[in-house]
There are 2 protein chains.
Amino acid sequence: MSPNPVTDLGTYLKEQRQQAQLSLRQVADRAGISNPYLSQIERGLKRPSAEILQAIAKGLAISAEQIYVHAGILEAAPDGEVVIDTRQVIKNDPRLTDKQRKALIDVYDSYVGD
Amino acid sequence: MSPNPVTDLGTYLKEQRQQAQLSLRQVADRAGISNPYLSQIERGLKRPSAEILQAIAKGLAISAEQIYVHAGILEAAPDGEVVIDTRQVIKNDPRLTDKQRKALIDVYDSYVGD
DNA sequence: GCATTTTGCTAACTGTAGTTAGCATACTTG
DNA sequence: CAAGTATGCTAACTACAGTTAGCAAAATGC
């Protein structure tokens, strides 16, 4: 989590917009949201949904993931490391039967202590 | 975007909960959200914020990113399937000792036939 | 069998995300 | 200079996210 995701987000969005030399209304139009709402978001008055953030990303022509990080929705990847949930990976492995998945997870759990 | 993110999400969350053999109330308590709300989410009646999804992830002991994909917040890895190598994931799991990793991989290999 | 607890859900409610109408100010153009 | 346009914002509003109180049914334990 960012120390202060809402202020961080708004500041970041405003910076991106200014760098792109776009007005608040231009970005709002391109994003398909109301310009007063974008203004409120930039000033940290409102906390937008991920869907709105996706739309803003489109309006600013930047990746949604970048914005999510500032919004506290995603952790920034530390040095490209992705923390992967082993249990989940086993569950989703198409090469295993349901029984095998369960068995493997039971073994895993016995090791990990869950 | 998933074809139907809301239904997909609810179905997915219910499946995960049932797999974990937890009641709706148990997950809601662990997530710190109201149980009627979790029920509504599972049945596709409400669209939760990313923050709620993070909380549910915690309650289910699964990664938030998995949930985000089903909620349409994150894309699944582009170019269709990114095959996650279960073997590699086990090898890299910091919760396991070397011995445990080897043992788990041996079991996996016996199932998969490699 | 019965009392108690657990379970998932409904209905009413509160708080706020997101929009519309419109304002004041700054900028542009003829 | 005046009219028109662009800009960021305010206030009032609607829709819905998320909660509380409580119900019926199922499960549990004595």
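The chains referred to below are lettered A, B, ... by the order of the sequence lines, with proteins before strands, and numbering in each begins at 1. Source: prediction; values computed, not measured.
Across the protein-nucleic acid pair, B:K14 atom NZ and C:dT7 atom P stand 14 Å apart, rounded to whole Å. Following rounding to the nearest Å, A:L45 (CG) and C:dT16 (P) show an atom-to-atom distance of 13 Å. Summarising the geometry, the separation between CD1 on B:I41 and P on D:dC16 is reported as 16 Å, rounded to the nearest angstrom. In this structure, A:L9 places its CG atom 14 Å from C1' of C:dA17, rounding to the nearest Å. D:dA27 atom P lies 16 Å from atom CG of B:L24, rounded to whole Å. Distance CZ (B:R25) to P (D:dA26): 16 Å, rounded to an integer number of Å. Atom P of nucleotide D:dG8 and atom CG of A:L38 are separated by 9 Å, given to the nearest angstrom. Atom pair A:R47:CZ and D:dC16:C1' shows a separation of 16 Å (rounding to whole Å applied).
Phosphate contact (OP1/OP2 of D:dG18, side-chain N/O of B:S49, threshold under 4.0 Å): present.
Residue A:S23 places its side chain closer to D:dG8 than to any other of D:dG8, C:dC9, C:dG18. Minimum atom distance to the side chain of B:P36 is reached by C:dC9, of the listed C:dC9, D:dG8, D:dG18.
A donor-acceptor pair is defined here as one N or O able to donate and one able to accept, closer than 3.5 Å; no such pair exists between the side chain of A:Q66 and the backbone of A:A57. A:Q54 places a side-chain N or O within 3.5 Å of a backbone atom of B:I73 that can act as its donor or acceptor partner.
Between B:I52 and A:Q26, the residue whose closest nucleotide on DNA chain D is further toward the 5' end is A:Q26. Toward the 5' end of DNA chain D, the nearer of the two residues A:R17 and B:I33, judged by each one's closest nucleotide, is A:R17.
Scanning all heavy atoms of the two residues, the minimum distance from A:Q88 to B:I62 falls at OE1-CG2, 3.5 Å. Contact detail for A:L53 and A:P48: the closest heavy-atom pair is CD2-CG, 3.6 Å.
Note on B:S34: a base of the nucleic acid sits closer than 4.0 angstrom, heavy atoms only.
Checking A:T86, A:L96, A:I90 one by one against A:I105, the side chain to side chain contact (heavy atoms under 4.5 Å, CB included) holds for a single residue, A:I90.
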